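Index from 1, following the sequence. Bear in mind that the values here come from a model prediction, so they are computed numbers and not experimental data.
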Amino acid sequence: MKRPDTIYYKDELNDEFAGDSIKPRSIDEKYWYGDNSLYFRVMRLFWYRIFAFPIAWAYLKLKYHHKIINRGIISRYKKSSIFVFANHTNNIADALIPSMVSFPHSTFVVVNANNVSMPVLGKITPYLGALPLPDNMTATKNFMNTMKLRLQKNSSIMIYPEAHIWPFYTKIRPFTDLSFRYPIMNNCPTFCFTNTYQKRKFSHNPRIITYVDGPFFPDESLGKKEKQTDLRNRVYEKMVERSKNNNIEIIKYIKQD
């Protein structure tokens, strides 16, 4: 077997290894997150369900023999809006797997600005469900209002709390509890999934097996901040437990002093 490539890192919270050179646009008050108009709904039906979803399914099956374990626990909440958190380890697959995991929910993914900054694709990302993080107060208001709008329609809001892509990383990096305020504020069940990489006999590409866990609910006996931290910790611990199912290391990550 080919030895793993090596990446050296210094900061688990902030180092980025996505490998793209996209210059991110500013997500200000001019950015359009989409609405609930008939036009938006028709465009989303086309780009998300008819165009992107079948391609995503085929890509994941053909390249990674993708399998989801325990997806049924989310299906039981198909009449509720949910939040889903996951590890961030693949440039392309991480954009596709959330829709597979959360089906039949309509999925929206919180992303960084570079995900909506491509000249052509950036024009259709609102219909694909991208919710870029805002850069100013007015954009923050638009972001929060859009999230509430989506949650009114029994949607799934997907968040990668690690924030930065580390390709094929087999552990769970530490992440803050900041984004865990969203399910608490909106009184929604929280789920997580952990993508793991498994050996395949006749391919250099690993198999991706996704483990789904939840639901997690806030501990109402705690204060506001403690509630948020506790929810984050329970999700983090479950993801660490699931990450032990990785059995192949494609890229070796070494911390520099």
Side-chain angles (χ1 to χ4, degrees), residues 16-64 66 81-86 88-167 179 182 186 195:
E16 171 71 67
F17 301 111
D20 60 53
S21 57
I22 300 169
K23 183 179 179 180
R25 59 171 293 179
S26 175
I27 307 300
D28 55 20
E29 63 278 359
K30 297 178 182 178
Y31 183 81
W32 184 67
Y33 281 96
D35 50 35
N36 199 34
S37 65
L38 178 62
Y39 174 79
F40 180 85
R41 285 181 281 134
V42 170
M43 291 293 283
R44 178 160 169 80
L45 175 65
F46 172 75
W47 286 111
Y48 176 67
R49 285 296 186 204
I50 298 175
F51 179 79
F53 194 90
I55 293 175
W57 184 88
Y59 173 86
L60 291 169
K61 284 294 184 182
L62 291 172
K63 183 162 186 176
Y64 291 113
H66 183 230
S81 288
I82 62 173
F83 280 83
V84 184
F85 295 80
H88 209 4
T89 63
N90 197 294
N91 295 54
I92 299 177
D94 284 359
L96 310 178
I97 291 175
S99 293
M100 307 297 127
V101 168
S102 296
F103 185 82
H105 288 84
S106 184
T107 300
F108 296 84
V109 183
V110 176
V111 300
N112 291 318
N114 60 323
N115 293 93
V116 299
S117 301
M118 296 78 79
V120 178
L121 186 59
K123 301 292 185 181
I124 65 170
T125 47
Y127 309 114
L128 294 175
L131 298 174
L133 291 166
D135 288 326
N136 64 30
M137 290 302 295
T138 304
T140 297
K141 183 178 179 180
N142 294 339
F143 173 82
M144 296 300 291
N145 286 340
T146 303
M147 182 179 288
K148 289 180 181 179
L149 181 67
R150 303 304 172 217
L151 292 172
Q152 292 171 5
K153 300 295 182 180
N154 297 337
S155 298
S156 170
I157 305 295
M158 175 70 220
I159 298 174
Y160 289 103
E162 292 172 326
H164 304 281
I165 296 177
W166 285 27
S179 57
Y182 297 132
N186 293 284
N195 289 323

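- Atoms CZ and CZ, from Phe103 and Arg49 in turn, are 5.5 Å apart once rounded to the nearest 0.5 Å.
- Note: Asn91 CG to Asn115 CG = 9.5 Å, rounded to the nearest 0.5 Å.
- A donor-acceptor contact shorter than 3.5 Å links the side chain of Asn112 to the backbone of Ala163.
- By the ring pair (Phe, Tyr, Trp, His ring centres under 6.0 Å) test, His88 is found to be paired with Tyr160, residues two or more places apart in sequence or in another chain being considered.
- Of all heavy-atom pairs between Leu151 and Ser81, the closest is O-OG, 2.5 Å.
- The CD atom of Glu29 sits 10.5 Å away from atom CG of Asp135, with the distance rounded to the nearest 0.5 Å.
- At least one side-chain heavy atom of Asn186 sits less than 4.5 Å from a side-chain heavy atom of Met147.
- Partners of Ser106 according to the side-chain contact (heavy atoms from CB on, under 4.5 Å) rule, which considers only residues two or more places apart in sequence or in another chain, are Arg44, Tyr48, Phe108, Ser155.
- Nearest approach of Met100 to Phe53, heavy atoms of both residues: CE-CE1, 3.6 Å.
- Listed here is the closest heavy atom pair of Asp28 and Asn136: CB-ND2, 3.3 Å.
- For the ring pair (Phe, Tyr, Trp, His ring centres under 6.0 Å) test, no residue two or more places apart in sequence or in another chain qualifies with Tyr182.
- Scanning for side-chain contact (heavy atoms from CB on, under 4.5 Å) contacts around Thr146 gives Tyr33, Leu131, Arg150, with sequence neighbours left out.
- With contacts defined as side-chain heavy-atom distances shorter than 4.5 Å, the pair Asn195/Asn90 does not qualify.
- Separation of atoms OG (Ser102) and CD1 (Ile97) is listed at 11.5 Å; rounding is to 0.5 Å.
- Arg25 is linked by a side-chain contact (heavy atoms from CB on, under 4.5 Å) to Ile27, Tyr31, Val116, Ser117, counting only residues two or more places apart in sequence or in another chain.
- Separation of atoms NZ (Lys153) and CG (Asn36) is listed at 5.0 Å; rounding is to 0.5 Å.
- By the ring pair (Phe, Tyr, Trp, His ring centres under 6.0 Å) test, Tyr59 is found to be paired with no residue, residues two or more places apart in sequence or in another chain being considered.
- Within 6.0 Å of CZ on Phe46 lie more than 12 heavy atoms contributed by other residues, nucleotides or ligands.
- Asp94 places a side-chain N or O within donor-acceptor distance of the main-chain N or O of Thr89, the cut-off being under 3.5 Å.
- Contact check for Val110 versus Ser179: no side-chain heavy atoms found under the 4.5 Å cut-off.
- Under a cut-off of 6.0 angstrom, the local environment of NZ in Lys148 is sparse, with at most 12 non-hydrogen atoms contributed by other residues, nucleotides or ligands.
- Rounding to the nearest 0.5 Å gives a distance of 4.0 Å between CD1 of Ile82 and NE2 of His105.
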